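Working notes, structure below.
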Amino acid sequence: MDIKPGYVAVITGAGGGVGGAVAAALAEKGCALALVDISAEGLAKTAGSLPSNAGKVTQHIVDVTSKEAMQTLRDEVLAAHGGVNILINNAGITLQKSFSTHSLKDWERMVGINLWGVIYGCHFFDEALGQAEAAHVVNLSSMSSFLGLPGQSSYCATKAGVQLLSDSLWAEWGLRGIGVTSIHPGAIRTNMIMATLEESDDVEQAKKNFEMAHKTGVDPEYVAGKIIRGIEKNRKRVKVGKDAHLFHIIMRFFPRLGDVILKKISKKLAE
Ligand SMILES: NC(=O)c1ccc[n+]([C@@H]2O[C@H](COP(=O)([O-])OP(=O)(O)OC[C@H]3O[C@@H](n4cnc5c(N)ncnc54)[C@H](O)[C@@H]3O)[C@@H](O)[C@H]2O)c1
């Protein structure tokens, strides 16, 4: 769809990283924004750095794992903006720990943010998106939906869930004129790993992963550009970064090679 000035975009996880960059890119196009995050500080920072041609901007301190808070968010957004054209379900976290050291609370938190957050977003904005003159949903998955990375079972499981939820919505909602895109980036230069660093099995290894992501990854602004293009071109799936493209090809066309690589990573993590 054409992203027109005045269109309303709801962005979860807008307090930094990819969410902050998407907010800036949509503001550049004159969109009105409902910025959503659990961090008031992050929201204020994003809102304070938007380009001047942004439409109306509202800030919403919301935990996406809360059904009640997400329902209230929908009501607040409709009251403030009158409708919704673009929904970006972006809030997400990672946990760098083995399955055996995941507590059930860890799983509930991961599924709560990475999967339920996306389900609530789609559920509560369903009707409003259907009433808009043009509408598009973007769900942040990851290249981790293509491969079961050792040490990241909850991340991979939730991101694969987001991918297939998006595929179903793409088929269902396409008939109603609502575009749906899942985004699959590889490493991005954000603070995602640092946000849960202390909870990692191996903090030193997690720090190395963070440094590697910053060395080899793409900038959040680059991901935001791909998201905007994904909306404009109505893409079903968008892979971002050389690593995401490479792993997609390996797991699809050379799965045995992929298995060898995954076993090697697993062995290295166990050393
Ligand atoms: N960073 C990467 O390498 C990478 C790679 C692939 C996919 N992704 C995905 O991109 C998305 C954005 O990640 P990022 O790298 O910008 O991370 P980030 O940590 O920089 O930003 C995530 C934002 O989500 C917010 N958030 C966390 N829990 C929340 C909750 N319960 N409710 C509301 N907001 C909450 C945080 O406060 C933060 O502002 C995530 O879904 C992530 O899984 C990231």
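Computation of the quantities below employed the complete heavy-atom set of this structure, encompassing side-chain atoms and omitting hydrogens, waters and symmetry-equivalent molecules. Note that the coordinates shown come from a computational prediction; the quantities given were computed from them, not determined experimentally. As the structure lists them, so they are numbered: ligands from 1, and atoms in each ligand from 1.
Every atom of ligand 1 is numbered from 1 in the order shown, and the set under 4.0 Å from a heavy atom of G16 is 39 (O). Close contacts between ligand 1 and I188 involve ligand atoms 1 (N), 2 (C), 3 (O), 4 (C), 5 (C), 44 (C) [criterion: under 4.0 Å to a heavy atom]. If you number the atoms of ligand 1 from 1 as listed, the ones under 4.0 Å from a heavy atom of V62 come out as 32 (N), 33 (C). Of all the atoms in ligand 1, the ones that sit under 4.0 Å from a non-hydrogen atom of A91 are 24 (O), 34 (N), 35 (C), 41 (O). Residue contact check: G15 has heavy atoms under 4.0 Å from atoms 39 (O) of ligand 1. Close approach of ligand 1 to A187 is summarised as follows: ligand atoms under 4.0 Å from at least one heavy atom of the residue are 3 (O).
Not a single heavy atom of A195 sits closer than 4.0 Å to an atom of ligand 1. Between T12 and ligand 1 there is no heavy-atom distance shorter than 4.0 Å. In this structure, S141 is part of the shell of residues with a heavy atom less than 4.0 angstrom from ligand 1. For K159, the closest heavy-atom approach to ligand 1 falls below 4.0 Å.
For ligand 1, the polar-atom distance check finds an N/O of T190 within less than 3.5 Å of one of the ligand's N/O atoms. An N or O contact shorter than 3.5 Å is missing between I113 and ligand 1 by distance. For ligand 1, one of its N or O atoms has an N or O atom of Y155 under 3.5 Å away.
At the top of the distance list for atom 24 (O) of ligand 1, counting protein heavy atoms only, stands G13 CA, 3.4 Å.
In this structure, of D37, T158, I93, L35, the residue bringing a heavy atom nearest to atom 37 (O) of ligand 1 is D37.
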